[in-house]
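A short write-up of the structure that comes next.
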Amino acid sequence: MRQSAHADEYAEFAAARSGHLYRSACLLTAGDTHLAEDLVQETLGRLYLRWGRVSRVDNPAGYAQTVLTRTFLAHQRRRSSRERAVAAFPDVADRAGADMSLRLTLLQALGRLPAKDRAVVVLRYWEDRSVEETASAMNASSAAVRTRCSRALGRLRELLGEDMSEYARP
Amino acid sequence: MPVDQHSDPFEDQLTAALHEAGGAFGSPGGALVAAGRARGLRLRLRRRAAVAGGAAGLALVGVGGALLTPWNGASTAKPSSLAAGGSAAPKAYSADDVVRTLRKLLPQGKFTPSDARGTGGDLPPLAAGAFDDGKGAGSLSVGLERIRSDAAREVNPSAAVLPCPEKGAQSPFDSCVTELLPDRSAITVYQGYEYPDRREDTKAWGADLVTPAGHHVSVMEWNAAAEKGKPVTRPEPPLTVARLKALAAASDWRRIIDAMPGEGKQGPLSSSPGSAGSPARPGEMTGRLILRKLSLLLPKGLERVTHASQETGYACFVVDDGKGAGLVQVNVQPGMSGSADELYGSGAETLPDGTRVATEKGPGEKGGEGVVMWTVDTLRKDGLRVVISAFNAAAQDGAATRAKPVLTIGQLRTIALSPRWRSAQD
């Protein structure tokens with residue numbers, strides 16, 4: 001039956017992509033894993049709703065990432081109208097490891113960027129998207145993305161220092 | 001995925017650091033996937049509810065785009081004796097015909113359809129999409145429906161058309177005017193906002209027209225390429241007020257409405273599964289049938305203010321017990337056994353016959369101030385899911401009109417578990 005074939009296809013896609021979406025969401029939320037889970041749930045829910053159409057696009061994985069980014073930005077809009085974001089980093093400190101210093105510092109630095117700037121950084125440097133693709137995912141112009149990107153890089157340089165290699169593992 | 005070459009070593013380091021940090025977050029596990037799917041199922045319900053919930057708002061505060069008929073206690077129980085449009089056998093119109101008609105009536109520009117329906121389906125004809133006159137795309141939709149009247153031979157257009165808020169009352173519109181046209185049709189043209197709280201600048205304008213023969217034409221337009229979730233593309237929607245009026249009043253729409261199969265032509269119980277106009281999937285119920293069942297199950301003594309039932313699998317009433325109006329909505333979905341575990345967690349009760357029952361008291365989902373939503377969600381062994389929700393407001397996006405919903409959880413439970421839902425008839 002068409003309906004159940006669709007359902008299987010969706011389930012396969014969701015299982016294959018949820019890990020990557022979750023990790024993207026963790027970066028977008030600067031380490032707020034609870035919010036990240038919520039965003040991924042919402043994203044998967046929306047994909048489920050539109051699966052018939054999503055499954056026919058060229059790059060469903062890229063589309064899913066776009067939905068996640070927009071879900072995140074919509075959430076930030078809603079939140080910023082009501083309350084100030086609290087810079088909290090749950091579930092980070094309790095998983096100490098060799099790369100702890102880098103992760104914490106980077107997540108804290110990301111957390112200090114405005115949400116849209118953070119989304120640009122994640123799409124450009126984690127998703128390896130071009131400026132144009134980033135612009136399209138964010139419903140913004142390429143020029144706006146370039147501006148945000150250069151501002152975000154400047155701020156990250158200030159926060160992390162010019163040379164990040166001191167944090168990075170060999 | 002194409003990559004811009006980074007010329008800056010800092011960018012390369014950032015890329016490496018992000019992958020390091022992101023990769024350390026591990027995997028969320030299967031529970032997240034299941035939760036995502038469950039959310040999709042709920043979203044599907046909510047989307048339906050939003051359509052009619054908005055419609056309830058339309059009749060009462062005048063926001064929305066669907067048709068909601070004043071409740072007269074009889075219109076859904078008996079087939080209409082009046083088939084609008086007379087006895088000439090009209091042709092059927094396809095979804096493409098409806099889009100073509102809209103394109104013909106629009107000023108110069110490009111219309112890209114996103115959804116269209118003709119006269120042959122279970123739902124009323126519709127053309128929706130984005131119209132761009134070269135100055136930015138705006139979402140645009142035209143919905144067609146027929147209003148029937150049992151008692152009178154003609155509809156009273158002034159009473160049936162979308163009412164503007166009373167003078168002096170708080171209005172969600174910048175402007176709202178109802179007038180009578182020379183052919184005795186009534187038309188309301190309004191200029192308002194997509195979000196009543198104006199959290200975004202999306203404007204929603206529309207024209208609502210009812211003719212004495214019962215044609216109902218509803219045109220809506222936005223200054224963004226979608227009603228929600230897309231940025232504003234232009235200061236105002238593409239069609240001026242005069243254009244909106246002319247579009248709604250075009251006689252082409254009335255010909256299409258005349259071609260809609262009427263209840264009278266299909267005979268009584270036309271909406272039960274298996275007969276003409278039946279839903280696409282086996283076991284699905286038309287909104288009209290759900291409305292009839294719900295009207296029989298609602299406690300006596302409630303005033304039924306309005307109702308809506310154009311959607312397959314969904315119907316709603318706005319009822320008033322004398323202490324304020326409240327929306328009551330029902331979703332009926334067959335074949336939901338496969339989703340039982342996702343939808344009904346450990347908190348759900350299982351009845352002796354295997355029916356799962358989950359109860360929830362929570363805030364409304366569409367942001368109306370102080371709105372609470374009480375829900376009883378039931379799934380029978382055979383996969384028939386009946387979900388009933390009651391609100392303490394007449395519309396989900398309106399403000400609360402009372403402290404609690406009109407129905408108690410116990411009453412909702414009784415309605416949801418009624419054996420009436422199993423039957424394909426009333």
Side-chain angles (χ1 to χ4, degrees), chain A residues 3-4 7 10-11 14-15 18-19 21-27 31 33 36-37 40-49 51 59 62 70 74 77-78 81 95 97 99 102-103 106-107 110 121-122 124-131 133 139-140 153 156-157 160 162-165 167-169, chain B residues 1-6 8-48 114 195 197-200 224-226 228-233 280-282 335 338-339 342 367:
Chain A
Q3 198 85 19
S4 77
Y10 167 81
S18 61
L21 285 171
Y22 172 68
R23 290 186 283 278
S24 300
C26 287
L27 293 176
T33 52
E37 282 188 14
V40 174
Q41 275 186 32
E42 184 74 19
T43 300
L44 291 173
R46 289 183 188 194
L47 292 172
Y48 177 82
L49 204 63
W51 183 247
N59 179 4
R70 291 181 185 172
R77 269 202 305 279
R78 280 201 301 276
S81 64
R95 277 195 247 136
D99 53 350
L102 165 75
R103 278 182 66 205
L106 181 65
L107 290 171
L110 285 174
V121 168
V122 170
R124 292 278 286 121
Y125 300 103
W126 158 261
E127 288 293 321
D128 287 340
R129 292 220 193 174
S130 68
V131 169
E133 287 167 336
N139 274 328
L153 287 177
L156 288 174
R157 266 199 182 93
L160 300 169
E162 185 64 43
D163 185 6
M164 247 189 290
S165 56
Y167 300 110
R169 290 188 302 182
Chain B
M1 203 143 305
V3 187
D4 294 0
Q5 285 304 312
H6 309 142
D8 180 351
F10 181 81
E11 292 178 68
D12 293 333
Q13 288 177 8
L14 179 62
T15 301
L18 277 171
H19 281 83
E20 186 86 43
F25 278 105
S27 187
L32 189 59
V33 175
R37 181 161 177 264
R39 193 170 303 196
L41 290 164
R42 280 201 301 278
L43 276 173
R44 185 190 282 172
L45 279 182
R46 205 188 303 170
R47 177 164 294 191
R48 285 186 166 169
S114 60
Y195 300 96
D197 62 3
R198 313 234 179 129
R199 60 179 178 269
E200 308 238 344
K228 288 185 165 62
K230 283 272 166 84
V232 164
T233 50
R281 286 211 293 152
S339 313
E342 292 158 38

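Naming convention: chains lettered A, B, ... in sequence-line order (proteins, then strands); numbering from 1 in each chain.
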**Asked** Quick one: what part of A/L153 sits under 4.5 Å from any heavy atom of chain B, side chain, backbone, both or neither?
**Response**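 Contact with chain B is through both the backbone and side chain of A/L153.
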**Request:** Against chain B, label A/L47 side chain, backbone, both or neither, depending on which of its atoms sit under 4.5 Å from a heavy atom there.
**Result:**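 No part of A/L47 comes within 4.5 Å of chain B.
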**Prompt:** Between A/V122, A/L110, A/L44, which residue shows the highest count of heavy-atom pairs closer than 4.5 Å to chain B?
**Reply:**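 Most pairs with chain B among the choices: A/L44.
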**Asked** What part of B/A17 is in contact with chain A, defined as an atom under 4.5 angstrom from a non-hydrogen atom: side chain, backbone, both or neither?
**Response**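 When you check distances to chain A, atoms from both the backbone and side chain of B/A17 fall under 4.5 Å.
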Return the minimal non-hydrogen interatomic distance between [X] and [Y], and the atom names on each side.
X	Y	value
B/F25	A/Y22	O-CE2, 3.5 Å
B/V33	A/A14	CG1-CB, 3.6 Å
B/A21	A/L106	CB-CD2, 3.8 Å

**Item:** From CG (A/L21) to CG (B/L32), nearest 0.5 Å
**Value:**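 If I round to the nearest 0.5 Å, the distance is 9.0 Å.
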**Message:** So, taking the atom named CG in B/L18 and the one named OH in A/Y125, what distance separates them when rounded to the nearest 0.5 Å?
**Reply:**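 Going from CG on B/L18 over to OH on A/Y125, the span is 9.5 Å.
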**Asked** Do the ring planes of A/W126 and B/H19 sit parallel (below 30°), tilted (30 to 60°) or perpendicular (above 60°)?
**Response**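 Rings of A/W126 and B/H19: tilted, as their planes differ by 30° to 60°.
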